[in-house]
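Numbers here simply count residues along the sequence, with the first being 1. Since we're looking at a predicted model, the values are computed, not measured.
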Amino acid sequence: MSGIEPVGPHSAAGLYNINSVSTGMPTVRQVQTEPPPQVVPSAVFLRKKIKRDYGIEVLDSDVKFNSEDVEVIANTLEEIKKLKKQHLIGVKRVIKNQKHRLTIKKALMVSAGGAYDADSKTVFIFDNVPPEGIPEVLTHEVGHAVSHFNMEFEKFMDFVKQSGYNMQEFRRYFIPGNNLHQFGLKKVKIEKDKWEDVLERFSMKTLAKGQDIFGEIILELSRRKRHPSDENPLESFAWAYEWYINQNEKFKEIAERAALGGDSSLLGRFEFMDEEVFSDPSETPNT
C-alpha cells in the first residue's frame, strides 16, 4: 500500500489548482457602520423628575412635546398635587398626539384639546394645544380620571342628580284597539328618590352616552344644552373640576347668578366639588 501523496504544486491537486481556490472568491470587506442617532426627548431630566415625583410618564408619539410643554405639565401637576388629594392615581401617562391620527375608542372621553382613556390611565394632549392651553386641558382630563378612580359610582350619581339631569324611562304600554301597533313607548320620569333602584343598569361607559346599558333609560338636562360641559355627565364633572381649580371665583359667580335666574345646575356642580371632591374631612365640624 503506497503512502498518501502530499498535496503540492506538482501533485494532481496542484495541477487542478485546488490550493488556490480561495483566490477566485470575492473579498468580503467589513464595513463599519455607525448606529442610528438616538433622539433624546426634550426636557428629558424634567420628564424623569415628573416620573419620580408623580409616577407619570410624559411621552411623545407622532408629535413631540417641547421643553416649554414639559415645564407647563410639571407645574400643572404640582398645583394639583398641592391640593393634598390623591387625584393623580388615575393618570400614568401624558402623551402628545396629533388629533386626526388619534384612534378614538368608545372608552375615551374626548374634548377639543385632549382625551382620557380610563383603561390605560392615559391622558392625550392634542398637537393643536399651545403651551398656555395645557393647564386647562390637562386639568380637565385629570377630572375624568378623578371621576373614574377617586369616587364610588353611587357618589358620582349624586353629582349627576345635582347637575340638572333627569332620568327618563321609555316604558312599553298596550294600545287598545290598534291592530297594527299594539304596543307603544312613553317617556316616564324616574323621580330622584327612586334612582337607587336602577343604578345597576348604568356604568361610567354608558353615562358617556347618557343612557343605561339597554338604552331604555336616558339622562336629559332639565334645560337646553349651552356648553360642551352639558354633553354628558362625565363631561359635566370634568369641566366642573377644571373650573373649580382654574377659575374658582368666576365659576361660583356664574353659578350663583344662574341660580337666581332659576337654573341651579351649575351651583349644584360647584357645591358638589366644594363639599365632596375638594373638602378636607378633618375640617368638618362634629355634630
Side-chain angles (χ1 to χ4, degrees), residues 90 102-124 140-175 181-244 255 258 262-273 276-277:
L102 180 67
T103 301
I104 303 298
K105 301 178 181 178
K106 293 180 180 179
L108 293 178
M109 274 66 54
V110 183
S111 62
Y116 178 69
D117 180 16
D119 293 335
S120 62
K121 296 184 177 181
T122 299
V123 169
F124 295 94
H140 179 95
E141 304 308 332
V142 170
H144 281 303
V146 169
S147 67
H148 278 74
F149 295 99
N150 293 81
M151 302 187 66
E152 295 180 354
F153 185 72
E154 292 78 5
K155 181 59 68 176
F156 183 81
M157 291 303 292
D158 287 341
F159 168 80
V160 179
K161 285 182 183 179
Q162 290 184 218
S163 298
Y165 286 94
N166 294 313
M167 278 190 188
Q168 303 283 356
E169 183 176 11
F170 290 95
R171 294 181 183 174
R172 297 182 67 186
Y173 69 99
F174 179 71
I175 306 176
H181 303 285
Q182 294 183 331
F183 291 92
L185 294 174
K186 63 179 178 180
K187 268 199 312 189
V188 178
K189 182 179 177 181
I190 301 177
E191 297 300 329
K192 292 185 177 180
D193 59 353
K194 303 293 184 182
W195 280 26
E196 293 182 2
D197 299 337
V198 294
L199 284 187
E200 70 276 3
R201 296 171 60 172
F202 289 86
S203 70
M204 296 300 282
K205 289 184 178 181
T206 68
L207 288 177
K209 299 179 181 180
Q211 64 180 44
D212 70 338
I213 58 176
F214 305 109
E216 296 174 351
I217 301 176
I218 62 173
L219 289 164
E220 290 183 337
L221 275 176
S222 55
R223 54 173 170 76
R224 183 175 59 86
K225 293 181 180 179
R226 297 194 296 259
H227 189 273
S229 64
D230 296 332
E231 185 62 31
N232 60 58
L234 300 182
E235 285 300 319
S236 298
F237 186 93
W239 280 99
Y241 183 89
E242 186 268 312
W243 286 344
Y244 189 92
D263 177 12
S264 61
S265 60
L266 289 180
L267 187 58
R269 297 175 190 185
F270 180 89
E271 291 177 346
F272 187 90
M273 290 292 151
E276 302 292 344
V277 179

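- Here the shortest heavy-atom pairing between H144 and E235 reads NE2-OE2, 3.1 Å.
- Shown here for S163 and S265, the closest heavy-atom pair between the two residues is O-CB, 3.3 Å.
- A donor-acceptor contact shorter than 3.5 Å links the side chain of S236 to the backbone of S229.
- In terms of the side-chain contact (heavy atoms from CB on, under 4.5 Å) criterion, residue partners of S203 (sequence neighbours excluded) are, by chain and number, K205, T206.
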Less than 3.5 Å apart, which donor and acceptor atoms pair up between the side chains of residues 150-161 and the rest of the protein, not counting sequence neighbours?
unit_1	atom_1	unit_2	atom_2	d
N150	ND2	Q86	O	2.6
K161	NZ	K192	O	3.3

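- The salt bridge (Lys or Arg N to Asp or Glu O under 4.0 Å) check on E220 picks up K187, with sequence neighbours excluded.
- Scored by the side-chain hydrogen bond (donor to acceptor under 3.5 Å, both in side chains) test, D230 finds R223, R269 as partners (sequence neighbours excluded).
- Note: M167 CE to R201 CZ = 9.5 Å, rounded to the nearest 0.5 Å.
- Across all their heavy atoms, E141 and A115 have their closest contact at OE1-C, 3.4 Å.
- Annotation: side-chain hydrogen bond (donor to acceptor under 3.5 Å, both in side chains) contacts of S120 (sequence neighbours excluded): D117, T122.
- Taking 4.5 Å as the limit, some side-chain heavy atom of I190 sits within range of a side-chain heavy atom of I217.
- With sequence neighbours excluded, the residues forming a ring pair (Phe, Tyr, Trp, His ring centres under 6.0 Å) with Y241 are H87, F278, listed by chain and number.
- Two residues are said to be in side-chain contact when any heavy atoms from C-beta on lie closer than 4.5 Å; Q162 and E276 fail this criterion.
- Sequence neighbours left out, the pairs with a member in residues 198-227 that pass ring-ring contact (aromatic ring centres under 6.0 Å, His included) are H227-W239, H227-W243.
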Legend entry - Test side chain to side chain contact (heavy atoms under 4.5 Å, CB included) applied to Q211 and L219, step by step: CA-CA 6 Å; Q211 64 180 44; L219 289 164; over 6 Å; no

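- Across all their heavy atoms, S222 and N166 have their closest contact at CB-ND2, 3.6 Å.
- Rounding to the nearest 0.5 Å places CG of D212 at 11.5 Å from CG of L199.
- Between A145 and G90, the shortest heavy-atom contact is CB-O, 3.8 Å.
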